[in-house]
Enquirer: 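Below you'll find the structure I mean.
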Number of protein chains: 2
Amino acid sequence: MGSKASRSLPAVRAAKPATILDVAAAAGVSRQTVTRAMNGMPGIKSSTRERVLELARELNYTPSRFARGLVQGSHVSVGLAIPDLGNPYYPAFASSVVEQATARGWHVVVDDFGHGGRSALDAVERLAPQVDAVIGYLGADADRALVLMSGRPLVALDFADEGFAGASIAFDYARAASAAVGYLRRQGRQRIVYIDWPGAGASTGTLDPLGRGLSVRGSAFAALLSDASPGTSTQSASPHSVVRAAGESAAAAKEAVEALLERSPDTDAVIAFNDLMAAGALKALAQAGRNVPVDCAVLGMDGIPLGELLTPELSTLGLDLREVGRTAVELLDGLLSGAIQPGTPEVRRVIRHELLLRGSA
Amino acid sequence: MGSKASRSLPAVRAAKPATILDVAAAAGVSRQTVTRAMNGMPGIKSSTRERVLELARELNYTPSRFARGLVQGSHVSVGLAIPDLGNPYYPAFASSVVEQATARGWHVVVDDFGHGGRSALDAVERLAPQVDAVIGYLGADADRALVLMSGRPLVALDFADEGFAGASIAFDYARAASAAVGYLRRQGRQRIVYIDWPGAGASTGTLDPLGRGLSVRGSAFAALLSDASPGTSTQSASPHSVVRAAGESAAAAKEAVEALLERSPDTDAVIAFNDLMAAGALKALAQAGRNVPVDCAVLGMDGIPLGELLTPELSTLGLDLREVGRTAVELLDGLLSGAIQPGTPEVRRVIRHELLLRGSA
DNA sequence: ATGAAAGCGCTAACAA
DNA sequence: TTGTTAGCGCTTTCAT
């Protein structure tokens, strides 16, 4: 190192990163020779290779993947925008997307926008210039995100807006809610409560019986649960049939259920926004000494593997996440190849939940 | 659509994707005008913009992100190679890496190589041409992976090989094992069994008392557990103190523990390879009617949030995954900027587990 | 074993 | 409002 200090290394690190020409100049060779050294190609004296590699290291040179990609031909690169890798639902979905994309030789760039107060729009904004297409849980930002993609394909998940010009995969919450509530009613459950997390879809403007914002799935349940007692007047029959948790976490759901049990000890069935929150409900019930499912049934939503590890095992409205991932990537594949045209009915898919009965209901 | 059928669209879709020149030619404008249309730039008649956009859609044109990146300046792009997004440990880690990378304006390309019989080396092979650096759980492939990176930074996790030329983050299993076994012995546990999964680190060649391959962490525990009964002869004192599960899953661990309880009903403490497998152990013990932790203690390894949702809550050797992610990205940052030199002691970090006592031990 | 030239597809700067 | 010119940094020929 010291012996070569006389070479013209810039005293202050240049703002611009070193290029192949900088290395070539420093080594006194042509850029092809640098290419040969960097890529371990034949036709270069090993002493030259060593010298070039050493210089490259000193100059902190990294070949530009853009220049290289430009000349060598690129892979498809897909952006995946998800709200929170810490919620087991999303990695389960991501896993399926990555698997399907990998099978096609694509790359997946993941942006978890759950940290630092970022929004789905931020994520797409960052992703858009660098990827060929985006798959994401974007909520109401989907419309604006589509603009950022300037014509490239976008698949919005859990999105059912009729006016949306991109591709979408929606979930049939009305049907899922009806299956769940029907099952619990047939069991003779009298006091069914849905634990909502209005953060995701509250922008839809649907309100619960008390006039508070509700998630999309929350409104599906609210509609069913409010109709429960036909004997009463115009006032909603079950004003407390929907409870709002403070966050999309087991801890928040646990607190909500604790408060609920305090207020309405006769609750005999709890349906949660998702499996993670159902796990919190399970904890609250266990702590309150309730026997699940005898005293109170618990139903989750998602069907993630976590449910099978809980005690009792979680009954849930399961989504086939591999199917969701496969559908998203297939949609993209069709859009990218031109086999599917945007604006046709083909780009709006609906996937159904299935009632998975395990131990908790 | 039909009215413009006479334009010279290729009858058969060309093998090569359309370029900006194809669109420009089709629209009878210059490429600059196409750029303006595609990127929503000003200085273009909106009728022209419409026409160009329409043509672009027909030709299925997508701007090359490489050409664009080349001219606009690139973000740093980091590859993240992980074995299985379905194991909650990895998304927890990935989440932290993505958060740290995002804060620096970097992109993260995730490759989950757990599907389709792919190896860590496959993952790096795919990633290498497209990223500036790689972080990964590569096991024994780390050495070969480094070659594929041709000089670009690589951070290998859970890797402690002395001869490794890249950066690495190792975990101090000897210390962790000693903390765990010491704690259980002080509790008076007599018959402590470690449930190994030799898939990951079996290549190190360490053998258990029965001569079978062991994971790195498995050997740390085997060493301690074999020394347990100093009264016996040269033959290993506790030949069954290490059990091997058939997979890195709760289900595999559950089966292993079921067999163990059959064979050694006096087992009063189980330590698992990781939290997921500990969850399986918990299920097996509950099913066998054992009271955890009274009859039998269970200790996991990882410290993922899942543990707190189990019944009883899982005691574990926790790793601060946010610290691990932060360290990996900091290492990369230093390497990329030249602030840290490869080959110095600075690139080999060690992170310690901490004994987290919750309900199960 | 090495070098020179050409061009990948795009956008910024400048003309018209 | 539109077109022209000049690269971005690299790898591929093809020469030497």
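So that the names make sense, note that chain A is the first sequence line, chain B the second, and so on, each numbered from 1.
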Enquirer: Mind checking salt bridge (Lys or Arg N to Asp or Glu O under 4.0 Å) for B:R322 and listing every partner two or more places apart, or none if nothing turns up?
Expert: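 Listed in chain order: B:E99.
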Enquirer: Please identify each residue that fulfils salt bridge (Lys or Arg N to Asp or Glu O under 4.0 Å) with B:D22, with sequence neighbours left out.
Expert: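 Salt bridge (Lys or Arg N to Asp or Glu O under 4.0 Å) list for B:D22, sorted by chain: empty.
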Enquirer: By side chain to side chain donor-acceptor pair (under 3.5 Å), which residues pair with B:R68, not counting sequence neighbours?
Expert: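 Once residues adjacent in sequence are excluded, the partners of B:R68 under the side chain to side chain donor-acceptor pair (under 3.5 Å) criterion are B:N39.
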Enquirer: Return the set of residues passing salt bridge (Lys or Arg N to Asp or Glu O under 4.0 Å) with A:D143 (not counting sequence neighbours), or none when no residue passes.
Expert: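 Testing A:D143 for salt bridge (Lys or Arg N to Asp or Glu O under 4.0 Å), a comparison that skips the adjacent residues, returns none.
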Enquirer: Just to be sure I understand the rule, does B:T35 reach a base, reach only the sugar-phosphate, or reach nothing, if contact means heavy atoms closer than 4.0 Å?
Expert: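 Base contact.
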Enquirer: Quickly work out the B:R36 CZ to C:dT11 P distance and round it to whole Å.
Expert: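 Going from B:R36 (CZ) to C:dT11 (P), I get 11 Å.
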Enquirer: Detail all sub-3.5 Å separations between protein N/O atoms and N/O atoms belonging to nucleotides 7-9 of chain C.
Expert:
from: C:dG9; atom 1: N2; to: B:A67; atom 2: O; distance (Å): 3.3

Enquirer: Please list residues of residues 40-49 of chain A whose heavy atoms come under 4.0 Å from any atom in DNA chain C, ordered by number; otherwise none.
Expert: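 Within residues 40-49 of chain A, the residues near DNA chain C are A:G43, A:I44, A:K45, A:T48.
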Enquirer: Partners of B:R118 by salt bridge (Lys or Arg N to Asp or Glu O under 4.0 Å), sequence neighbours excluded?
Expert: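 Partners of B:R118 under the salt bridge (Lys or Arg N to Asp or Glu O under 4.0 Å) test: B:D111.
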Enquirer: I need the B:D333 CG to B:R326 CZ distance, nearest 0.5 Å.
Expert: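 Taking CG in B:D333 and CZ in B:R326, the distance rounds to 13.5 Å.
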Enquirer: Ignoring hydrogens and angles, write down the donor-acceptor pairs under 3.5 Å from the side chains of residues 160-168 of chain A, residues two or more places apart or on other chains.
Expert:
from: A:D161; atom 1: OD1; to: A:G163; atom 2: N; distance (Å): 3.4

Enquirer: Applying ring pair (Phe, Tyr, Trp, His ring centres under 6.0 Å), can you list everything that pairs with B:F113, at least two apart in sequence or on another chain?
Expert: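 Partners of B:F113 by the ring pair (Phe, Tyr, Trp, His ring centres under 6.0 Å) criterion come out as none, since no residue qualifies.
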Enquirer: Check every atom of D:dG3, C:dG3, C:dA12 against the side chain of A:T33 and return the nucleotide holding the closest atom.
Expert: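 That would be C:dG3.
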Enquirer: Could you check how far CZ of A:R51 sits from C1' of C:dA1, rounded to whole Å?
Expert: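 To the nearest whole Å, that distance equals 13 Å.
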Enquirer: Quick test of your reading: applying ring pair (Phe, Tyr, Trp, His ring centres under 6.0 Å), list the pairs with at least one residue in residues 21-47 of chain B, sequence neighbours left out, ordered by first then second residue.
Expert: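 For residues 21-47 of chain B, and leaving out neighbouring residues, there are no ring pair (Phe, Tyr, Trp, His ring centres under 6.0 Å) pairs at all.
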Enquirer: Whole Å only: how far is the CD atom of A:Q32 from the P atom of C:dA6?
Expert: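 After rounding, the gap between these two atoms is 13 Å.
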Enquirer: Dot-bracket for DNA chain C, please. Rules: Watson-Crick or G-U, both distances under 3.5 Å, ( ) within the strand, [ ] when a pair crosses earlier ones, | for another strand, . otherwise.
Expert: ||||||||||||||||
Enquirer: Just to verify, what does B:Y137 make a ring pair (Phe, Tyr, Trp, His ring centres under 6.0 Å) with, not counting sequence neighbours?
Expert: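 Partners of B:Y137 by the ring pair (Phe, Tyr, Trp, His ring centres under 6.0 Å) criterion, ordered by chain and then number, come out as B:Y89, B:Y90, B:F93.
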Enquirer: Does A:R152 pair with A:D132 as a salt bridge, N-O distance under 4.0 Å?
Expert: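 Looking at A:D132 together with A:R152, the answer is no, because their closest N to O distance does not fall below 4.0 Å.
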